[in-house]
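Numbering of residues begins at 1 and proceeds along the displayed sequence. None of these values were measured; they are calculated from a predicted model.
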Amino acid sequence: MNTGAAQMALDSWMLDQIVTEDRAPILRFYRWSAITISLGYHQRQWPEHWSNLTWQKQPIELVRRPTGGRAVLHQGDLTYAIAMPLVGSRQTAYQLICDALIAAWRQFGVTLHYGTAGSGYRHQANCFALATQADLVTSEGYKLIGSAQLRRDRYVLQHGSMRLWPQFDLAKQVFGCLSAAEPEPPTAIPSKPDDEFVKQLQGAIQQELTQRLQVDFSSKPLSDQELATIAERSPKFAIPANSSPALAASTPADIPPRL
């Protein structure tokens, strides 16, 4: 899974497994091997310069998520993805997952609450510019987690990005002027990328989800056939370099709702 498009294909595949095989919830965590911008499925406009962005002489990949929302810059973040049967309504499932995230971060001394931004979100290219009720922010106003969903029948995929080690200079290059009062990440997060911290965080989130869903998650590697299936669907989530927004927006994908 070396590309952002492959990551999106895998998340989409997880939902297919739940829908077609009625499996128990599937949970995974991943980090991005290369800096990537993911666009929400319904996002039809974005700056043209995103199609050929580079950072430290490396190209920045542009992909489309299977879920809704606005653009997310994946750099220094940890992404969670869970596919599961709906527990009540879509909003109920969202709250269950986010309550698990809130409880997990509380173990590290970080208090999170839901955002309050209104309809202005639709006019923002940057997902992390505003915190809606679908997001989790710190008491200081730092948007730590942005999440989105895709529902199919009585099943749902939810994935979200946790901003652990953001490069604000890169974010400014991508999104333009940022607020001068941009809050800093919680001090509980190590100042530099730390694999042990990420491992502990993943364990805490899995523990909280296990309690709420009453499911024991077990590690299972993907088979060669599963990897091949995911590779086959990866291209539909990729947005080619130097493509125009109008052309890239026509890329087919599952139709997702957003909270």
Side-chain angles (χ1 to χ4, degrees), residues 11 14 24-32 67 69 72-118 121 127-149 156-168 171 179 181-219 258-259:
D11 284 357
M14 284 169 48
I26 302 174
L27 170 69
R28 80 179 186 108
F29 300 94
Y30 55 96
R31 295 161 78 178
W32 300 72
T67 55
V72 176
L73 174 62
H74 299 285
Q75 169 275 313
D77 60 334
L78 172 67
T79 300
Y80 76 89
I82 182 168
M84 66 182 201
L86 273 175
V87 181
S89 68
R90 184 165 58 95
Q91 287 77 13
T92 300
Y94 173 81
Q95 185 170 1
L96 183 152
I97 295 169
C98 284
D99 284 350
L101 293 170
I102 291 171
W105 276 96
R106 191 181 300 125
Q107 295 183 32
F108 296 86
V110 178
T111 300
L112 295 174
H113 56 85
Y114 293 94
T116 59
Y121 177 88
C127 172
F128 279 87
L130 293 173
T132 72
Q133 292 180 345
D135 306 312
L136 297 176
V137 301
T138 67
S139 300
E140 293 73 30
Y142 179 77
K143 181 173 173 178
L144 180 60
I145 307 175
S147 302
Q149 286 187 346
V156 65
L157 164 71
Q158 180 169 316
H159 57 188
S161 174
M162 293 177 270
R163 286 197 303 170
L164 303 181
W165 295 286
Q167 285 271 6
F168 291 114
S179 170
E182 173 75 16
E184 294 289 330
T187 56
I189 300 174
S191 58
K192 296 180 180 179
D194 186 311
D195 289 344
E196 181 60 29
F197 174 80
V198 170
K199 181 179 178 180
Q200 292 176 5
L201 177 59
Q202 292 176 176
I205 295 171
Q206 179 173 323
Q207 177 189 57
E208 295 294 340
L209 285 169
T210 294
Q211 293 176 358
R212 286 163 172 76
L213 295 174
Q214 296 297 295
V215 170
D216 289 327
F217 294 102
S218 58
S219 178
R258 191 191 188 286
L259 291 173

Gln207: side chain to side chain contact (heavy atoms under 4.5 Å, CB included) partners, not counting sequence neighbours: Gln107, Gln211

Within-4.5 Å side-chain heavy-atom neighbours: Asp195 and Arg31: yes

All pairs passing salt bridge (Lys or Arg N to Asp or Glu O under 4.0 Å) where residues 105-116 contributes a residue, at least two apart: none

Evaluation steps, side-chain contact (heavy atoms from CB on, under 4.5 Å), between Leu27 and Leu209: CA-CA 9 Å; Leu27 170 69; Leu209 285 169; 3.9 Å; yes

By side chain to side chain contact (heavy atoms under 4.5 Å, CB included) - contacts of Ser89 (at least two apart): Gln91, Thr92

Side chain to side chain, Glu184 and Tyr142, heavy atoms closer than 4.5 Å: no

Contacts of type salt bridge (charged side-chain N to carboxylate O under 4.0 Å, His left out), residue Arg212, not counting sequence neighbours: Glu208

For Glu140, all residues meeting side chain to side chain contact (heavy atoms under 4.5 Å, CB included), sequence neighbours excluded: Thr138

Under the side-chain hydrogen bond (donor to acceptor under 3.5 Å, both in side chains) test, residues paired with Asp99 that sit two or more places apart: Tyr114

His113 side chain to Ser139 side chain, donor-acceptor N/O pair below 3.5 angstrom: no

Phe108: ring pair (Phe, Tyr, Trp, His ring centres under 6.0 Å) partners, not counting sequence neighbours: Phe197

Set of residues satisfying salt bridge (charged side-chain N to carboxylate O under 4.0 Å, His left out) with respect to Asp216, sequence neighbours excluded: none

Shortest non-hydrogen contact from Pro166 toward Pro185: CD-CG, 3.8 Å

Passing option when Met162 is tested against Val198, Leu136, Ile205, Ile189 for side chain to side chain contact (heavy atoms under 4.5 Å, CB included): Ile205

Test item: Leu112 and Leu101 side chains (from C-beta on) under 4.5 Å apart, heavy atoms: no

With Glu196 via side-chain hydrogen bond (donor to acceptor under 3.5 Å, both in side chains) - residues at least two apart: Gln200

Test item: Leu164 and Asp194 side chains (from C-beta on) under 4.5 Å apart, heavy atoms: no

Test side-chain contact (heavy atoms from CB on, under 4.5 Å) applied to His159 and Tyr30, step by step: CA-CA 11 Å; His159 57 188; Tyr30 55 96; 4.1 Å; yes

Under 3.5 Å, which donor-acceptor pairs link side chains of residues 74-88 to any protein atom two or more places apart or in another chain?
| from | atom 1 | to | atom 2 | distance (Å) |
| --- | --- | --- | --- | --- |
| His74 | ND1 | Trp32 | NE1 | 3.4 |
| His74 | ND1 | Asp77 | OD2 | 2.8 |
| His74 | NE2 | Ser38 | OG | 2.7 |
| Gln75 | OE1 | Gln167 | N | 2.7 |
| Gln75 | NE2 | Trp165 | O | 2.9 |
| Asp77 | OD1 | Gln75 | N | 3.3 |
| Asp77 | OD2 | Ser161 | OG | 2.6 |
| Thr79 | OG1 | Trp32 | NE1 | 2.9 |
| Tyr80 | OH | Ser147 | OG | 2.6 |
| Tyr80 | OH | Gln158 | NE2 | 2.8 |

Least distance between heavy atoms, Gly146 atom then Asp135 atom: CA-OD1, 3.3 Å

Close side-chain approach of Phe29 and Leu201, heavy atoms under 4.5 Å: no

